[in-house]
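The chains referred to below are lettered A, B, ... by the order of the sequence lines, with proteins before strands, and numbering in each begins at 1.
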2 protein chains.
Amino acid sequence: MNQAMPNVTRNTRQRAEVLALLREVEGFHSAQQLHQMLLARKAGVGLTTVYRTLQLLVDAGEVDSTRLPGGEQLFRRCSQSKHHHHLVCRDCGRTVEVAGPAVERWADQVAAQHGFVDVGHTLEIFGTCAECVR
Amino acid sequence: MNQAMPNVTRNTRQRAEVLALLREVEGFHSAQQLHQMLLARKAGVGLTTVYRTLQLLVDAGEVDSTRLPGGEQLFRRCSQSKHHHHLVCRDCGRTVEVAGPAVERWADQVAAQHGFVDVGHTLEIFGTCAECVR
DNA sequence: CATCTATCGACAACGACTACCAACACCACG
DNA sequence: CGTGGTGTTGGTAGTCGTTGTCGATAGATG
């Protein structure tokens with residue numbers, strides 16, 4: 001009856017595989033895409049585990065996630081650990097990480113004016129990148 | 001062979017019902033919620049039609065839509081016709097429409113700096129409103 | 001090594017949404 | 001005020017991303 005501290009997160013092979021993959025790919029990918037890539041490299045990681053691991057990483061702030069207009073969730077390893085936003089190309093999906101301190105302040109201020117607390121926000125900029133215009 | 005101009009949108013009872021309902025409710029609702037309300041008032045509008053009508057209204061700019069973190073799409077009649085953003089309470093769903101001209105300019109500018117054209121953006125602010133804090 | 005328990009993963013279930021397609025009803029025209 | 005055609009409807013079945021289930025597995029600790 002040794003009730004140690006049953007609240008640790010373990011270092012498993014599967015989580016290492018997902019992290020390793022995320023370090024190699026560029027831009028946003030869906031959970032299913034990532035799972036396919038893991039299959040291709042014979043990494044033996046189940047789809048369910050991919051979803052769970054990605055969710056863990058998002059919660060831990062190690063991975064960004066965004067949503068396509070269709071509702072599908074995309075993931076990407078953060079290259080900046082601090083808060084930032086994304087400029088995404090509609091056609092090729094190319095992504096630029098941008099920071100906007102002024103926007104952060106504006107959002108917090110507006111929220112405060114209306115009595116809101118514990119404020120967060122989401123901001124995505126969409127457009128067509130120079131490559132895809134041609 | 002009277003090929004008049006087969007590209008009109010018709011005024012149907014169902015579309016009127018959906019619009020009438022949207023004028024009566026406050027805040028964001030899902031397509032399914034709206035469909036339930038229509039059922040409750042015996043308005044005889046199918047779920048499929050609710051989805052289609054809402055999409056039409058969004059395209060026409062008469063209705064706002066946003067997405068819950070879970071990916072579910074929500075709809076609300078615009079009270080302002082011009083571009084604006086939303087400040088949404090996480091708990092009760094209360095919504096404030098806010099405008100941020102500075103943010104618009106910033107987004108366009110950042111996008112332009114990276115060679116993006118045809119730029120749009122999404123911005124939502126989340127928080128807990130004064131009511132729900134207590 | 002033994003034991004505990006977080007984690008895995010194949011499968012089933014779920015929920016939002018869409019495709020399908022025959023029946024319907026809006027509306028311009030006669 | 002009929003009539004034709006065509007945009008629209010809506011029940012159902014299906015798609016698709018995601019999550020729940022639960023016995024099996026394998027880190028971590030002593």
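With C:dC27, C:dC17, D:dG10 as the candidates, the nucleotide lying closest to the side chain of B:Arg52 is D:dG10. Closest to the side chain of B:Arg67, out of D:dG10, C:dC17, D:dT8, is C:dC17. Proximity note for B:Gln73 (side chain, C-beta onward) versus C:dC8, D:dG17, C:dC17: the nearest is C:dC17. Out of C:dT7, D:dT18, C:dG9, the shortest distance to the side chain of A:Arg15 is found at C:dT7.
Partner A:Asp64 forms a side-chain hydrogen bond (donor to acceptor under 3.5 Å, both in side chains) with one of A:Arg76, A:Arg77, A:His84 and no other, that one being A:His84.
Nearer the 5' end of DNA chain D, as judged by each residue's closest nucleotide, is the contact made by B:His35, out of A:Gly71 and B:His35. Where A:Thr12 and B:Ala43 each meet DNA chain D at their nearest nucleotide, the meeting point lying more 5' is that of B:Ala43. Taking for each of A:Leu56 and B:Arg13 the nucleotide of DNA chain C with the nearest heavy atom, the 5'-most of the two is the partner of A:Leu56. Both B:Leu74 and A:Gly44 lie near DNA chain C, and the one whose nearest nucleotide falls closer to the 5' end is A:Gly44.
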| query | Under the side chain to side chain donor-acceptor pair (under 3.5 Å) criterion, do A:Glu124 and A:Thr66 qualify, and how do the steps go? | reply | CA-CA 8 Å; A:Glu124 305 276 334; A:Thr66 183; 3.3 Å; yes
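In this structure, A:Leu39 places its CG atom 15 Å from C1' of C:dC8, rounding to the nearest Å. The distance from atom CD of A:Gln14 to atom P of D:dA26 is 9 Å, rounded to the nearest whole Å. Rounding to whole angstrom units, CD of residue A:Glu17 and P of C:dT7 are separated by 17 Å. Taking atom CG of residue B:Leu34 and atom C1' of nucleotide C:dA16, one finds them 14 Å apart after rounding to whole Å. Taking atom CD on A:Gln33 and atom P on D:dC16, their separation rounds to 14 Å, with Å as the unit. In this structure, A:Leu68 places its CG atom 15 Å from C1' of D:dT18, rounding to the nearest Å. Rounded to an integer number of Å, the gap from A:Gln55 CD to D:dT19 P is 7 Å. Whole-Å rounding puts the B:Leu47 CG to D:dG14 P distance at 17 Å.
Contact between the side-chain N/O atoms of B:Tyr51 and the OP1/OP2 oxygens of C:dC17 is found at a separation under 4.0 Å. In terms of phosphate contacts, B:Thr49 brings a side-chain nitrogen or oxygen within less than 4.0 Å of OP1 or OP2 of D:dG10.
Residue A:Gln32 is in base contact, counting any heavy-atom pair closer than 4.0 Å across all strands shown. Nucleic acid contact for B:Thr48: base, since at least one base atom lies under 4.0 Å from a heavy atom of the residue.
Within the 3.5 Å criterion, the main-chain N or O of B:Thr49 finds a donor-acceptor partner in the side chain of B:Thr53.
Between B:His121 and A:His85, the gap from one ring centroid to the other reaches at least 6.0 Å. Residues B:His35 and B:Tyr51 keep their aromatic ring centres 6.0 Å or farther apart.
Taken together through direct or relayed side-chain contacts under 4.5 Å among Ile, Leu, Val, Met, Phe, Trp and Tyr, B:Leu47 and B:Val63 form parts of separate hydrophobic clusters.
No hydrogens or angles were tested; on distance alone, a donor-acceptor pair under 3.5 Å links the side chain of B:Arg10 to the base of D:dT6.
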